[in-house]
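Let me begin by presenting the structure, written as structure tokens, before commenting on it.
Chain A is the first sequence line, chain B the second, and so forth, proteins listed ahead of strands; every chain is numbered from 1.
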2 protein chains.
Amino acid sequence: MATAKTKRQPMTRQRVLSAALELADEIGATDLTIRRLADALESKPMTIYHHVPSKDEILDGIVDLVFAEIDLPDSELDWKPAVRARCVSARHVLTRHSWAVPLMESRRSPGPATLRHHDAVVACLRGGLSLTMTGHAYATLDAFVFGFAIQEAALPEPGDEMAEVAAEIVTDELAETFPALHEFAVERAMQPGYDFGDEFEYGLDLILDALAERSRRD
Amino acid sequence: MATAKTKRQPMTRQRVLSAALELADEIGATDLTIRRLADALESKPMTIYHHVPSKDEILDGIVDLVFAEIDLPDSELDWKPAVRARCVSARHVLTRHSWAVPLMESRRSPGPATLRHHDAVVACLRGGLSLTMTGHAYATLDAFVFGFAIQEAALPEPGDEMAEVAAEIVTDELAETFPALHEFAVERAMQPGYDFGDEFEYGLDLILDALAERSRRD
DNA sequence: TGACGTTTCGTACTATGTACGATCAGGTGG
DNA sequence: CCACCTGATCGTACATAGTACGAAACGTCA
């Protein structure tokens with residue numbers, strides 16, 4: 001009889017966190033439970049607790065892993081293209097791990113990757129902007145990037161049956177109740193070429209250009 | 001013996017929702033449980049379920065109540081001041097109910113107040129902007145407003161002891177690890193006059209001005 | 001081999017959402 | 001005034017969550 005059973009990897013904090021990240025991507029953060037995580041690791045709940053003190057710390061850990069996936073700004077470039085690239089990267093990462101967006105709010109303790117990331121962005125901004133403008137830029141850009149990720153995460157998946165049914169209901173029923181919404185939905189949002197995701201780069205460039213303009217004027 | 005016992009109000013969906021909203025303001029949305037809600041209503045868990053089908057619907061309901069608190073844009077005004085005022089109002093509301101921000105993401109079914117609100121904003125924008133610009137403006141502004149609310153909610157409360165301890169640790173320990181962050185924290189964020197909340201109006205006006213400018217040019 | 005520190009995990013406690021059915025109150029027809 | 005009916009209330013119970021406790025299994029060095 002072949003020893004088909006693959007040898008069990010040693011359990012470590014790292015392995016717990018990557019498994020948790022993978023599981024969160026599959027089933028979402030709200031359905032991530034210790035028991036399911038233990039199953040995914042072919043282990044038992046209380047084994048996990050030997051390597052990680054609490055579920056909260058697991059959540060902190062995977063949020064930090066998500067941050068680690070965001071490209072740092074390229075220090076060779078000027079602040080504007082460098083920050084632009086990191087914002088685009090951040091959006092891709094947050095789209096890929098859309099469960100992470102609301103978590104980033106409730107987590108109070110930033111992990112090392114999070115801190116390193118913020119440090120790199122601030123450094124990049126400081127390369128071309130005053131201290132004051134750096135504050136304006138970072139607050140505005142990050143609000144936009146995370147906020148956009150929220151909006152996008154709330155959107156129904158393409159192919160979601162409920163959404164398609166809803167679309168028809170909207171068309172018929174809300175035409176007179178919410179005319180402006182109805183007009184926008186029919187004439188713009190549901191038009192073939194429209195992709196909400198494209199609004200991201202529009203807004204990003206709008207903000208970046210305006211920041212550069214104001215920086216030039218002071 | 002005085003009948004000190006105040007007569008019990010009749011339980012209704014409205015009463016359940018307002019009590020839930022109040023309780024969420026006190027203890028946060030994650031700690032809001034049916035049993036605690038029942039206690040607040042001087043009732044029992046299963047009584048609540050006679051007026052509301054599930055906890056999820058309670059959450060949907062209080063999110064809609066929060067939306068209802070946001071001032072609608074004044075249709076007398078030009079789009080820019082009108083939308084500006086509603087963004088400022090939205091931020092105040094979201095600050096007051098900071099537990100609501102992450103919920104607005106996960107909730108899939110917008111309530112009537114939410115729809116009415118969106119309709120009014122779109123109508124206001126359409127008063128001065130093209131259909132395309134309306135999409136750009138709404139996506140960008142709402143991403144910014146909600147994103148800012150997230151950032152603000154993640155900030156430690158003023159007076160939070162942990163934050164003050166952290167501040168000293170940051171100063172000493174991270175000075176060489178994260179120099180840019182350290183510089184920004186010490187030279188700007190921790191300066192007496194600095195209030196992160198002020199970045200909101202800066203970013204808001206930056207975006208509004210840029211939108212107006214681009215609209216003028218097309 | 002035996003002793004000991006680490007890792008694993010069985011059991012169990014508490015808290016949660018909520019299903020089911022019993023109870024109760026208050027109005028209605030006799 | 002009473003029997004009855006309908007809807008509101010709630011007691012009990014179950015499945016699932018996080019995780020504390022202590023026992024068992026394992027690896028290592030003497």
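Defined by atom type and a distance below 3.5 Å, a donor-acceptor pair is present between the side-chain atoms of Glu69(B) and His97(B). With no hydrogens or angles considered, no side-chain donor-acceptor pair links Glu187(A) and Tyr194(A) at under 3.5 Å. Arg86(A) and His117(A) share a donor-acceptor pair across their side chains, judged by distance under 3.5 Å alone.
Using a 4.0 Å cut-off, some side-chain N or O of His51(B) falls inside it from OP1 or OP2 of dT9(D). In terms of phosphate contacts, His50(A) brings no side-chain nitrogen or oxygen within less than 4.0 Å of OP1 or OP2 of dT8(C). Lys55(A) has a side-chain polar atom (N or O) that falls below the 4.0 Å cut-off from OP1 or OP2 of dG18(D). Side-chain N/O atoms of Thr47(A) include one lying less than 4.0 angstrom from OP1 or OP2 on dC9(C). Listed pair Ser43(B) / dC10(D) meets the phosphate criterion, a side-chain N or O lying under 4.0 Å from OP1 or OP2.
In this structure, Met11(B) atom CE and dG7(D) atom C1' are separated by 14 Å, rounded to whole Å. Met46(B) has its CE atom 18 Å from the P atom of dC24(C), to the nearest Å. The OH atom of Tyr49(B) sits 8 Å away from the P atom of dA19(C) (whole-angstrom rounding). Between Arg15(B) atom CZ and dT9(D) atom C1' the separation is 13 Å, expressed in whole Å. Separating the CG atom of Leu59(B) from the P atom of dT16(C) is a distance of 14 Å, rounded to the nearest angstrom. Following rounding to the nearest Å, Ile48(A) (CD1) and dG10(C) (C1') show an atom-to-atom distance of 15 Å. When rounded to the nearest whole Å, the span between CD of Glu57(B) and P of dT18(C) equals 11 Å.
Applying a 4.0 Å cut-off to non-hydrogen atoms, the residues of residues 18-37 of chain B that approach DNA chain C are Leu32(B), Thr33(B), Ile34(B), Arg35(B), Arg36(B), listed by residue number.
Residues Arg188(B) and Glu183(B) are not paired through a salt bridge, judged by the lack of any N-O separation under 4.0 Å between the basic side chain and the carboxylate.
Two residues, Pro53(B) and Lys44(A), neighbour DNA chain C, and the one matched to the more 5' nucleotide by heavy-atom proximity is Lys44(A).
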Quiz prompt | CA sep, side-chain torsions, deciding dist, call: Asp205(B), Arg84(B), salt bridge (Lys or Arg N to Asp or Glu O under 4.0 Å) | solution = CA-CA 8 Å; Asp205(B) 286 323; Arg84(B) 186 183 197 282; 2.7 Å; yes
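How far CD1 of Ile62(B) is from OG of Ser18(B): 11.0 Å, rounded to the nearest 0.5 Å.
For His136(A), the ring pair (Phe, Tyr, Trp, His ring centres under 6.0 Å) partners are Tyr202(B), not counting sequence neighbours.
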